[in-house]
Structure formats: C-alpha cells, structure tokens
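To start, the structure under review is shown below, and the notes come after it.
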Amino acid sequence: MGKIVGIDLGTTNSVVGVIEAGRPIIIANSEGTRTTPSIVGFTKNSEIVIGDQARRQLVLNPKNTFYNLKRFIGRDWDELDETSISVPYNVKSNDNGNVRILSPFTEREYAPEELVSSIIRKLINDAETYLGDSIDSAVITVPAYFNESQRQATKDSAVLAGIKVKRILNEPTAAALAYGFEKSSSNNVLVFDLGGGTFDVSLLRISNGVFDVKATCGDTQLGGNNFDSKIVDWLAEGFLEKHKIDLRRDRQALQRLTEAAEKAKCELSGLQKTKISLPFITTSDDGPLHIEEEFDRKLFESLSEDLLDRLLEPVQVALDDSGWEADEIDEVVLVGGSTRIPMVQQLVKTLVPNEPCQSVNPDEVVAIGAAIQSGIINGDLRDLLLNDVTPLSLGLETIGGLMKVLIPRNTPIPVRQSDVFSTSESNQSSVVVQVRQGERPLASENKSLGKFRLSGIPPAPRGIPQVQVAFDIDANGLLEVSATDRTTGRKQTVSISGGSNLNEQEINKMIAEAKSKAAEDRIKRSVIDRKNNALTLIAQAERRLRDASLEFGPYGAERQQRAVELAIQDVEEFIDDDDPQELEISVSSLQEALFGLNRRIAAEKKIDSNPLQSIKNTFGSLKDELFSDDYWEDDPWDNQINSNYRNSRYGNSRDDDPWDNDYFL
Ligand code: AMP
C-alpha cells in the first residue's frame, strides 16, 4: 500500500506534510522550498509548468498563467465577485454557468478543478521523490467555510490527479490539530485563518487529545488578494487621473501592478512606509511612463477599512454559535500569511484581548495538521480524536420556495437527520427534492446542491403520502441525500455533486485523458531530464578542462583532455537527436573520459612536488603524436593506469607508477 500525506491546498501556496518517525514534517518540493506556489501555466510549446516555474512567467505570459484558482473551484459563474474575476487571464462561463479558464497557447478551456489537479499531481510527485515511495492517498484541507460543492470539487481535483482522498479536513481544524498536538492542557481556542483568498474562523475545545469544534464561520471570497486589489486600484486610479490611461486594461501592466501591490503590502507588515516603483509601466505619445509612489501604513489602512469590517462579522457569528464569550477564549491561533498584516493582528486583539500564540508557523501549520490527520487515519498516531462540524445549514426547498433546514450549521459530523414530507397536490405522482445549503430563509437565495425526483407515488389526496427525506453527512462534510416513499418503500439516493464544475462524465474523460497522457508526459519529461543532465555534464567537463589546463598547462594531461573534448563533441552531436540510445552512449563515454581526466589530475597533484613532472608533461604530448587514434582506443595502458590508480599506490612507490614504467624508465 502506498503512503498517505497531508496537503494544504492553498489559494496562494500549497504545502505537503507527512508523518515520519511519529512526528509531522513538511516535505520540500523539487525546487527545494517548503511551499509551492499554487500557480499553473502553459509555455509557448504548450508545456505545463507548475509552482515556481509558473510564477516566473506571470508577468511575461499573463494570459497563460493561472493563479487564485481556489476561488473558482466548485463555484458557479454568477457566484463570483468582482475581485475574483479581475485577473489578467481569461475566465468565462460555459453554457451551464460553470467557470472555465482559457489558455490561448493550448487553445483549450479548462475547468478550475483540472488545473488544480495538476498542482496536486506536482505536490505528490515531489513528495514521492522525497519519500522514495509511492503515495496513493491524501488528506486535503479546505476552508472550513467551503460549501458542499467546493468540497466536492476539491475531491474531484484529487481524483483527477489520481489520488484517493482519505479525508477533507477543515483548515482551521487542521491548524488546531497542529497547535494542540502533544499538548495535555485543556483550552478553548480561536483559530483565525486569513490566507490569500479565503477567511475562516473556528472555535474549538481541545482537551487531552480530543478536538471538539464548537463553531465555524468565514468568507470564501476574502483574503490577502483583496488587500492587494485595494492597492492596485489606488495605483491605477491615480495613474488614470494623471495620464488618462487605465492600466487595469493592460494585462501585463495589471500583473506588474498586482505583484508590486503584494510586495508593498508585505513590506508594510514590517515597515511604516515603503516605495512602489514601476518603471516603464506603459507608454504614451510622450514616451514611456513610470509609477513612483510613496505608500504608508496609514494609507493602506484607510483603503482597507471595508475589508476589516468583513472580517468582524464571521468572528461574532462563530462566538454566538458556540455560546462562548470572548473572555472564555484561552488561546488565539493565527493562521495564513495575511495574519501578518498589523491591522489584522490589531483587529484580532480588539476581539479577543489575549496575545496570539506564536508557536506555530502560519504558512505550514495547516499542512502539519493535515499530516497529523493522515497519521490518525493510518494508525501512526493514536489517542487523538477529532470532532468537526458542518459549516452551513443544509435543507431542502419546500412549496412556496421556503428553505426547510434539516441539519443546522455547526452540527457535529458525521450526522444523519431525516424528516417526513408530503405532496402539495392531490394525485401527485412524484416529488422533486431540491437540496440547498445556506442560511437564508428563502430557498432560492441559498446555494443549490442539486435536485432529484422520486416518482411512482400512488394516487392519494394531497398531504396523505409520506416521503421521508434523509441527509447523511460523512466525516468529510460530504452529503448523501435519500428520499423514501413510506407506502411503497421506493427509494432514491444521490450523492450530491451538482455544484461541482465538472459532471461525472467529464471527470471520467479527464481521468482517461490524464492516464493516456501520463505515459506521454513521462517520456517528455525523461527526454528533457536526459538533455538537461547531458548539458550539466558538458558544463562540468568544460570546467574540468579549464582547471586542468590552468593547473598543469596544455600538456599536463593532454591525452585525457583530448578524450574529454572528443566525448563532449559526441554528446553535443546527439543532444537534440531523437534517439535516446546514442545520447546515452555518448554521455557514458563522456563520464568515462571525465573519470580518466579526474584521476589524472589527482595523480598530477600528488607528484606535483616532483621537479621532473613538468618535463613529463611536456614529453607526454609526444606520446599522442606517436600513436594513432585507433591505437588510442584500445590502449591497454589507459586501462592499466586506471586500475593501478584505483589501487592508489602511485604516490607511495615510484616503481609501481605505470606511467613512469611505460614511458620514462
Ligand atoms: P497563505 O494562503 O496562507 O499562503 O497566505 C498567502 C497570503 O498571505 C498572500 O495574500 C500573501 O500576500 C499574504 N502574505 C504573506 N506574507 C505576508 C506579510 N508579511 N504581510 C502581509 N501579507 C502577507
């Protein structure tokens, strides 16, 4: 069985954790960093790039580089707010109202789930390389306030990446797991989680390894990006006023503005003021135009007032739902990069006066918690129990368009709840169960999770048939709904997936495509790897050649130097060839030639103190002139010198020196 890892799939960055020797650790990616930007891009050759590589092409290739994808996952087009769709790439709605993202380079449109799946795949590939083991399943975290569709869509992304999801875990709960891991005291904890694109607040009681979530609330369209947008708008409005040019219409300029805004925002977490400098941001008839602005905390805070207000309400709702007063909170845990913003920290202090806990790294704490949960699932960690809640009320639409709640928000999960409904008209032969999630009394104002029809109800006056509707939420917060006609026993059950951006057929098609492409991708990757390795080897060989001639002159190790030069030429000849075998052979010849040169250099160094050496070096070249190339290839001397050097007796006894024996004595 493969391993299981914990994944924090963030709006801005993603992190992978695993349990090793009973403790959670973070796995560095193939670039050597512990966080991977949640960015996917396509190059001109339609090659996919993910993480740091994708981030590097953000400014130069904005139409084909996609970030903030988590804001789109599991959302309908008309649920998205202005900030979410103000991105330099093309986002649109398809005929079904689902979000689609366009890449001009690949000439394709993608569901957000599909792009997110490639991020998951990269995280898994890198973790497999680190662990030296295959990974077949994962615990994936989501904002606690993610609704059913967003959870389902996250699961779909993992399925597309070929990974089984063992648990969808709420991010603040994961953070609390990391915080409370190995703590024996009892505490009431408030987790305040403000990341790049989402905001969550959760209240938990942690006591001797039991984690009881009491209440959770949040906003899945509020995060650090909104603060960036405020700065972008301020810069763009100022520029518009001055030069009558709206930079937000120019994709490259918008991307540069966004990056500069984020940088200034982060700098203001440590400094009182900073400079925003964007030379050559655009050109006008008068020539190039630049941005050069002073930006300080006071201004930033005045621009962000409404965002601070939006942070307040969820905290208040969660406190009300938990029944706790603010002074009953023992500890505040800050999670997510945006909690580094001083005004956010101040706001938290005005809500709960305690100093926030500093013992957890806000960037890694969620992945650590996910790793702990994976450890609980596979039995590596014992004596920990997690009781989570459902974030939003679940119910169905009744006649008149009202919402009938079956499971209120903040109900501990897993849970099963049922109620009996009847027909609204006489002789009605079927009923439609329209499942909704949300807090509004009018059903149409809540998120529709899908609907199904239970038919075959025997004719009867209105109000007589009894249809029992049951909602089942599993530990992942995923819902199954069933409706049973009590007279006939006829039953209809559905797993809710209606809100995801992909239907089942599309998912299956993409999985098949991914599988067939996996072999192709592997081949492509191995061709690139082979070529890169060959280039690295050439660079190494050239360096060694330079070192050798600098240290020993052109004839110090001339035969070996020449062998390396010839081998380099061979590798260069085959490097762009389609035939991998020729390249492999030439690479191993170059490795052998380098090996010979290295040994020769080592030997030269040992006898460097010998005054005869320089004479040898000079005369050594004569040998090359005396023998033909053919002779060289089968030169038994060469083999002998290598084997003798391997025995390393050269420095100790001149009699054993094969070079000396053959050519000088
Ligand atoms: P996360 O989703 O937790 O990785 O958080 C990412 C968000 O945190 C992004 O919007 C970043 O711009 C923001 N962020 C990271 N570091 C800082 C900082 N020092 N000050 C303000 N915001 C930050």
Side-chain angles (χ1 to χ4, degrees), residues 6-17 26 29 33-39 51-52 55 58 67-71 73 83-84 86-87 116 119 123 140-146 154 170-172 174-175 178 191-202 218-232 255 257-274 276 295-297 299-301 303-304 307-308 310-311 333-348 356 358 360-370:
I7 297 180
D8 167 13
L9 195 59
T11 313
T12 319
N13 293 302
S14 296
V15 187
V16 187
I26 296 295
N29 61 22
T33 48
R34 292 158 74 88
T35 55
T36 301
S38 307
I39 307 177
D52 282 310
R55 187 168 58 183
L58 265 174
Y67 59 92
N68 280 356
L69 293 162
K70 192 169 164 183
R71 282 199 159 179
I73 204 160
T83 312
S84 301
S86 302
V87 283
V116 170
I119 300 173
L123 299 172
I140 300 192
T141 60
V142 294
Y145 215 56
F146 253 21
T154 307
N170 291 332
E171 285 163 11
V191 181
F192 187 98
D193 180 357
L194 186 63
T198 56
F199 171 52
D200 271 331
V201 52
S202 286
D219 187 335
T220 59
Q221 303 287 302
L222 176 60
N225 302 333
N226 299 71
F227 289 85
D228 302 341
S229 296
K230 293 283 177 193
I231 307 174
V232 168
Q255 187 50 44
L257 282 177
T258 309
E259 287 193 359
E262 189 187 6
K263 186 164 165 275
K265 173 190 75 176
C266 292
E267 282 170 358
L268 287 189
S269 295
L271 303 169
Q272 284 297 334
K273 62 176 172 200
T274 184
I276 300 177
F295 188 59
D296 62 23
R297 265 195 208 176
L299 176 56
F300 181 36
E301 290 173 10
L303 295 174
S304 313
L307 299 180
L308 290 188
R310 279 173 69 188
L311 289 170
V333 178
L334 297 182
V335 183
S338 303
T339 56
R340 294 197 178 99
I341 301 175
M343 66 180 139
V344 172
Q345 293 183 353
Q346 288 303 331
L347 177 97
V348 177
Q358 303 284 346
V360 293
N361 176 343
D363 299 325
E364 295 180 354
V365 62
V366 171
I368 291 283

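One-based numbering, in listed order, for ligands and for the atoms of each.
- Counting heavy atoms from C-beta on, the side chains of Thr258 and Leu58 never come closer than 4.5 Å.
- In this structure, atom 6 (C) of ligand 1 lies nearest to the protein heavy atom Thr12 OG1, 3.3 Å.
- Put simply, NZ on Lys70 and OG1 on Thr220 are 10.0 Å apart, with the number rounded to the nearest 0.5 Å.
- Considering only heavy atoms from C-beta on, Ile368 comes within 4.5 Å of Ile26 through its side chain.
- Among protein heavy atoms, the minimum distance from atom 4 (O) of ligand 1 is reached at Asn13 ND2, 3.6 Å.
- For ligand 1, the atoms closer than 4.0 angstrom to any heavy atom of Ile341 are 21 (C), 22 (N).
- Among protein heavy atoms, the minimum distance from atom 2 (O) of ligand 1 is reached at Gly196 N, 3.0 Å.
- A salt bridge links Lys263 with Glu267: at least one charged nitrogen is closer than 4.0 Å to a carboxylate oxygen.
- When the options Arg340, Glu267, Lys265, Glu171 are ranked by their closest heavy atom to atom 13 (C) of ligand 1, first place goes to Lys265.
- Residue contacts with ligand 1 include Ser338, since one or more of its heavy atoms lies under 4.0 Å from the ligand.
- Using a cutoff of 4.0 Å between basic side-chain nitrogens and carboxylate oxygens, Arg55 and Glu262 are not scored as salt-bridged.
- Shortest contact from atom 12 (O) of ligand 1 to any protein heavy atom: Glu262 OE2, 2.5 Å.
- Of the possible donor and acceptor atoms, one in the side chain of Ser338 sits under 3.5 Å from a partner among the backbone N and O of Gly195.
- Among all protein heavy atoms, the one lying closest to atom 21 (C) of ligand 1 is Ser269 OG, 3.3 Å.
- Nearest heavy atoms, Leu194 versus Gly223: CD1-CA, 3.9 Å.
- Between atom 14 (N) of ligand 1 and the options Ala264, Gly224, Gly337, Gly336, the minimum heavy-atom separation is to Gly337.
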